[in-house]
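Encoded as structure tokens, the structure appears first; notes follow it.
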Amino acid sequence: MKDQLAKIRAEALAAIGATDAAAALDAVRVKYLGKKGELTALLKQTGKLPPEERPAVGQLANEVRSALSDAIAAQNKKLAEAALDLKLAAETVDVTIPGEKAPLGHKHPITKVIDEITDIFVGMGFNVAEGPEVELAAYNFTKLNTEEGHPGREWTDTFYITPGKDDPKNDAVLLRSQTSPMQIRTMESRKPPIRIVAPGRVYRKDEADATHSPMFHQIEGMVVDKGITMADLKGTLNEVVKSLYGEDAQTRFRPHHFPFTEPSCEVDVQCFACHGKGCSVCKGEGWIEVLGAGMIHPKVLEGCNIDTDVYSGWAFGMGVERLAMMRYGINNLKLCFENDVRFLEQF
Ligand code: PHE
């Protein structure tokens, strides 16, 4: 029986040492020390031994049992440590590896130009105003001194939503064809001094092609204060053009006509590509038209209860798409609205 005990001890210790996982170790424990285990079975037989042999065998059996228990506990600890080491190694974070960049979206080129220009004006003390794209004829036309018979009022030019009932000239509902209604909305809702820019979408019944779209963006600008003159308009716009295109950027003011400004002008920027010589970008002109402007017509100011003996003002409206196309060398306006990421990701 002593030999059997020695054999069990040797076998069990070898088996314990060979385990590589907690489950395997437990199986070995059950095999030797469990209720039906080999050592347990042997111990049950000690009763059959002659009485004088029992104490020695019993003592040996207990030694074997505690040796195995100790070995199991030690192996258990070893396996747990190994498992932890493995886990730590697997979860190691190398803080020196450059991070993975999450794919971030970014601003549309039109939005970038709007942000850039409004930022320049905000820096000059202007507020940003926003107003409805679905507008009343009164604001898009009548209050802007644009009477019936003006071509812009025709249904062929402007998107009407409802024709208007009691007073069609004013209560017809349409998609604004310009941001200029924001001049009226601003003057009706606050007192001078007024300095605002109002960026937004406008709609016209234009066939879509490389330079036209039935929806495009404008930025309206307006100043109303005491003693405002055309010189202020020129000075402001020259500063803006320099901020956008550099210190040596040139502007040209040409006489023009708008119903709601008097005098009116159109403003060109000298072509940034050829510096006035004429090239494909400016279609040989040397200059690129960027906006319409003028001194706000006294009729418009008075319609908004602004005393023209005290106050005067100027306004401009610039087309954003043209600026964006110039700025980024975009040769077809349609690209701006197709939302193909291969195009958009270039800006
Ligand atoms: N609203 C005019 C347009 O769309 C531009 C403009 C704005 C002209 C303000 C003068 C003053 O053509």
Side-chain angles (χ1 to χ4, degrees), residues 1-116 118-119 122 128 130 201 215 324 328 330 334-347:
M1 199 151 201
K2 284 184 180 170
D3 293 345
Q4 274 174 296
L5 280 170
K7 195 174 159 240
I8 286 176
R9 178 195 192 124
E11 268 178 24
L13 287 177
I16 290 166
T19 56
D20 60 358
L25 181 60
D26 201 52
V28 173
R29 182 188 61 77
V30 171
K31 183 171 182 226
Y32 292 100
L33 300 179
K35 267 189 204 155
K36 291 175 185 162
E38 290 182 24
L39 184 62
T40 319
L42 202 65
L43 283 174
K44 281 181 187 153
Q45 291 173 30
T46 48
K48 293 175 190 162
L49 289 173
E52 66 278 12
E53 282 181 29
R54 283 180 205 165
V57 172
Q59 199 192 340
L60 182 62
N62 281 332
E63 271 173 37
V64 172
R65 175 199 285 280
S66 64
L68 295 190
S69 297
D70 289 353
I72 287 170
Q75 181 72 358
N76 212 356
K77 196 171 166 224
K78 200 174 128 192
L79 289 179
E81 277 168 9
L84 182 64
D85 283 348
L86 217 67
K87 193 163 178 249
L88 286 177
E91 291 175 2
T92 302
V93 176
D94 181 350
V95 293
T96 66
I97 291 174
E100 247 176 66
K101 278 220 175 93
L104 262 190
H106 60 85
K107 286 179 180 169
H108 191 283
I110 300 288
T111 310
K112 287 179 83 161
V113 170
I114 290 176
D115 286 353
E116 196 176 342
T118 45
D119 277 356
V122 167
V128 179
E130 269 181 66
R201 292 189 191 89
M215 184 283 295
Y328 297 116
I330 299 167
K334 284 181 183 174
L335 291 166
C336 288
F337 304 120
E338 283 169 347
N339 287 340
D340 185 330
V341 288
R342 289 170 302 180
F343 167 75
L344 295 173
E345 276 169 355
Q346 297 174 43
F347 307 101

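Position 1 is the first residue of the sequence, and the numbers go up from there. Just so it is clear, the model here is predicted, and its values are computed rather than measured.
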message: Using modelled atom types and a 3.5 Å cut-off, is there a donor and acceptor pairing between side-chain atoms of R54 and backbone atoms of L49?
response: yes
- prompt: Taking all non-hydrogen atoms of both residues, which atom of R201 and which atom of M215 are closest, and how far apart?
  reply: CD-SD, 3.6 Å
field: pair L39-L5: side-chain heavy atoms closer than 4.5 Å
entry: yes
task: Test D26 against R29 for salt bridge (Lys or Arg N to Asp or Glu O under 4.0 Å), laying out the working first.
output: CA-CA 5 Å; D26 201 52; R29 182 188 61 77; 3.0 Å; yes
task: Output the distance between atom CG (L79) and atom CD1 (I16), rounded to the nearest 0.5 Å.
output: 11.0 Å
query: How long is the span from the CD atom in Q75 to the CG atom in D20, to the nearest 0.5 Å?
result: 9.0 Å
message: Are L335 and D340 packed together at the side-chain level, in the sense that at least one heavy-atom pair is separated by less than 4.5 angstrom?
response: no
- prompt: Hey, is CD on E130 packed in by over 12 heavy atoms from elsewhere, all under 6.0 Å?
  reply: no
- request: Taking all heavy atoms of R342 and all of Q346, pick out the closest pair and write down the distance.
  value: O-NE2, 3.0 Å
field: Electrostatic pair K7-E11, nearest N-O below 4.0 angstrom
entry: yes
query: Mind checking whether V122 and V128 have side chains closer than 4.5 Å, heavy atoms only?
result: yes
- prompt: Do D119 and E116 come close enough that some side-chain heavy atom pair is under 4.5 Å?
  reply: no
task: Would you check if the side chain of T40 reaches a backbone N or O of K36 as a donor-acceptor pair within less than 3.5 Å?
output: no
message: Treating E38 as the side-chain partner and I8 as the backbone partner, does any N or O pair qualify as donor plus acceptor under 3.5 Å?
response: no
message: Set out, in order, the CA-CA distance, both residues' side-chain angles and the distance that settles side chain to side chain contact (heavy atoms under 4.5 Å, CB included) for L25 and N76, then state yes or no.
response: CA-CA 7 Å; L25 181 60; N76 212 356; 3.8 Å; yes
query: Quick one: ring pair (Phe, Tyr, Trp, His ring centres under 6.0 Å) partners of F347, sequence neighbours excluded?
result: Y328, F343
message: I'd like to know if the side chain of H106 and the backbone of L344 have a donor-acceptor N/O pair within less than 3.5 Å.
response: yes
statement: Heavy-atom closest pair (I110 atom, A324 atom, distance to 0.1 Å) is CD1-CB, 4.0 Å
query: Can you tell me how far NZ of K112 sits from NZ of K107, rounded to the nearest 0.5 angstrom?
result: 8.5 Å
- prompt: Rounded to the nearest 0.5 Å, what separation is found between the CD atom of E53 and the NZ atom of K48?
  reply: 14.5 Å
query: Roughly how far, to the nearest 0.5 Å, is the CZ atom of R9 from the CG atom of L13?
result: 6.5 Å
- prompt: Shortest non-hydrogen contact from C336 to H108?
  reply: O-NE2, 2.7 Å
